[in-house]
There are 2 protein chains.
Amino acid sequence: MKATSRSTPLPWSGADLRSRERDWKRNAVILAAARAFATRGYHNTSLDDLAAALNVTKPTIYSYVDSKEELLFECFKHGVDQILAGFSEAETRGGNARERLMTVARHYAIAVTGDFGWCMVRLEEENLDKAMSAKIKTLKSDVDQGLRKLIRQGVADGSIRSCDPKMAAFALAGALNWIAHWHRANDALSPEEIAIRVLEIFELGLAPR
Amino acid sequence: MKATSRSTPLPWSGADLRSRERDWKRNAVILAAARAFATRGYHNTSLDDLAAALNVTKPTIYSYVDSKEELLFECFKHGVDQILAGFSEAETRGGNARERLMTVARHYAIAVTGDFGWCMVRLEEENLDKAMSAKIKTLKSDVDQGLRKLIRQGVADGSIRSCDPKMAAFALAGALNWIAHWHRANDALSPEEIAIRVLEIFELGLAPR
DNA sequence: GCCAAACTTTACTCATGAGTATATTACGCT
DNA sequence: AGCGTAATATACTCATGAGTAAAGTTTGGC
């Protein structure tokens, strides 16, 4: 039997290759969308604009996503996944709860300054239909609950001063999210450095020690 | 000369009254816009919707503002004015720089939970033309510089731990702005109570003392 | 009571942009 | 070679919503 016949399930057989290629392109569409949304805003970005940026036409985009909303949702999802990865890493790195919280926060800061940061932070649920809005709420809540849990654990293990976990989580998330508003790609400070400085303020507080 | 002739500039003469009435209505339009934008988002609020909420029609709105953008700008302005008022009050109340900063922050938190909070925090400059966008930038910068100045003064007078004023101002503003995202009018905690709790975290930090 | 100004409405225009039906091209497979 | 499928493009439809012109309505001043 010839090596080129269809009975040869090569790792990169035609179908497989095509499907990888497709995923790759889909991700390119999502990334371009994230950048466009961050620059001009969701409502000010038409899919024709986006298509032009990708050197394709609108129907091509519709072959990768079902709607503009889905595009926005995917951008959001990509960003949140980075944050959720921070929780996993915090578990593997270990340390007391405050240290784990800071690991998460560092990841968070980096995610927020990345390509999907804007979509994550600025996404207004009013722009999405009920079903998607609910998904977003869940994801946001997951992150929020994760932060609160770490804070509660910190209070329990003595690594965090006794405080209201809800307020502390919101304050921290707010400060971190806000980075997306003021950070520019060519800032003097790298995302890591920004994270360190912001987190120091949270650890030590403003009052002299 | 008769007392009723036009030469009598009575405190509530016709013209004066009408102009007050006009200002009152204009403010009602702006307030209704702020609420509608906060609920449904700027782009999802049509001026027909807004007009309906006010029991008038679109052209009436156009007799009070020149454009939808102007409406958004006015909402922003109203909100920022409340914050700037906080700086004045901090001056009159006095105290060390950290105390003055906390006075401003308390005002800030209350402004952000108010009717114009959403517009202040979520306003995306991409929605505005160059000229207005520049005005907004200036106002935002005024607030930011005000915060930084207080922080620098605090470091100088020893009431604030030595830190990067830019980062501290952004972290504080972020935490406060974020309140607008999660606070709901019927929250268990009043804006004042929220302000106290969030500011405590900033003063004392998360690490045990 | 009548006039003029301010105010408000009815009934449009017009541009934009999401989404789609249909044609065309490219490419792997036998 | 040539068939079938996936990918992309052309060329629309259609709804929405900002903004406006012109006509009606109210109100205060005489």
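Note on naming: letters A, B, ... go to the chains in the order of the sequence lines (proteins, then strands), and numbering restarts at 1 for each one. Predicted, not measured: the structure shown is a model, and the values here were computed from it.
A cation-pi contact, defined as under 6.0 Å to the ring centre and within 45° of the axis, links A:Arg148 to A:Phe170.
A straight line from CG of B:Asn55 to P of C:dC7 spans 19 Å, rounded to a whole angstrom. Computed from coordinates, the B:Asn44 CG to C:dA18 C1' distance equals 14 Å when rounded to whole Å. What separates CG of A:Leu47 from P of D:dC12 is a distance of 20 Å, to the nearest Å. The separation between A:Arg26 atom CZ and D:dA6 atom P is 17 Å, rounded to whole Å. When rounded to the nearest whole Å, the span between CG of A:Asn127 and C1' of C:dG17 equals 15 Å. Distance B:Leu54 CG to C:dT9 C1': 15 Å, rounded to the nearest Å. The interatomic distance linking A:His43 (NE2) with C:dT16 (P) rounds to 18 Å, in whole Å.
Atom NZ of B:Lys140 is surrounded by more than 12 heavy atoms from other residues, nucleotides or ligands within 6.0 Å.
Considering only the side chain of B:Pro59, C:dT9 comes nearest among D:dT10, D:dA7, C:dT9.
Rounding to the nearest 0.5 Å places OG of B:Ser46 at 3.0 Å from CG of B:Asp49. Atom CZ of residue A:Arg152 and atom CG of residue A:Asp164 lie 10.5 Å apart, to the nearest 0.5 angstrom.
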B:Asn127 vs A:His43, side-chain hydrogen bond (donor to acceptor under 3.5 Å, both in side chains): CA-CA, chis, key distance, verdict
CA-CA 9 Å; B:Asn127 293 330; A:His43 287 283; over 6 Å; no

Between side-chain atoms of residues 129-139 of chain B and protein atoms elsewhere (two or more places apart, or another chain), which donor-acceptor pairs fall under 3.5 Å?
residue	atom	partner	partner atom	Å
B:Asp129	OD1	B:Ala131	N	3.2
B:Asp129	OD1	B:Met132	N	3.0
B:Lys137	NZ	B:Glu125	OE1	3.4
B:Thr138	OG1	B:Ala134	O	3.0

Side-chain donor-acceptor contacts of residues 192-203 of chain A below 3.5 Å, not counting sequence neighbours, with atom names and distances?
residue	atom	partner	partner atom	Å
A:Glu193	OE1	A:Ser190	N	2.9
A:Glu193	OE1	A:Ser190	OG	3.4
A:Glu203	OE1	A:Arg98	NE	2.6

Throw together a table of side-chain donor-acceptor distances under 3.5 angstrom for residues 84-91 of chain B, partners on residues two or more places apart or in other chains.
residue	atom	partner	partner atom	Å
B:Glu89	OE1	B:His107	NE2	2.8
B:Glu89	OE2	B:Arg93	NH1	3.3

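Interface remark: the B:Lys58 side chain does not form any donor-acceptor pair with the D:dG17 base, using a distance-only criterion of under 3.5 Å.
Checking side-chain atoms of B:Lys25 against main-chain N and O of B:Tyr64 turns up no donor-acceptor pair under 3.5 Å. Under the 3.5 Å distance criterion, the side-chain polar atoms of A:Asn27 are left unmatched by any main-chain donor or acceptor of A:Trp24. Put simply, the side chain of B:Asn177 gets close to the backbone of B:Ala173: a donor and an acceptor are under 3.5 Å apart.
Remark: A:Thr60 is not in phosphate contact with D:dT8, judged by side-chain N or O atoms under 4.0 Å from OP1 or OP2. A close approach under 4.0 Å does occur between a side-chain nitrogen or oxygen of B:Arg22 and OP1 or OP2 of C:dC7.
When heavy atoms are screened at a 4.0 angstrom cut-off, A:Ser46 is found touching the sugar-phosphate backbone but no base atom.
Contacts between residues 61-73 of chain A and DNA chain C, defined by a heavy-atom separation below 4.0 Å, involve A:Tyr62, A:Ser67, A:Lys68, listed by number. In the region residues 33-42 of chain A, proximity to DNA chain C at under 4.0 angstrom, judged on heavy atoms, holds for none of the residues.
Note on the helix from C:dG1-D:dC30 to C:dT30-D:dA1: terminal axis deviation equals 10°, with five pairs used at each end and the result rounded to 10°.
Heavy atoms only, all atoms of each residue included: A:Ala169 and A:Asp144 are closest at CB-OD1, 3.8 Å.
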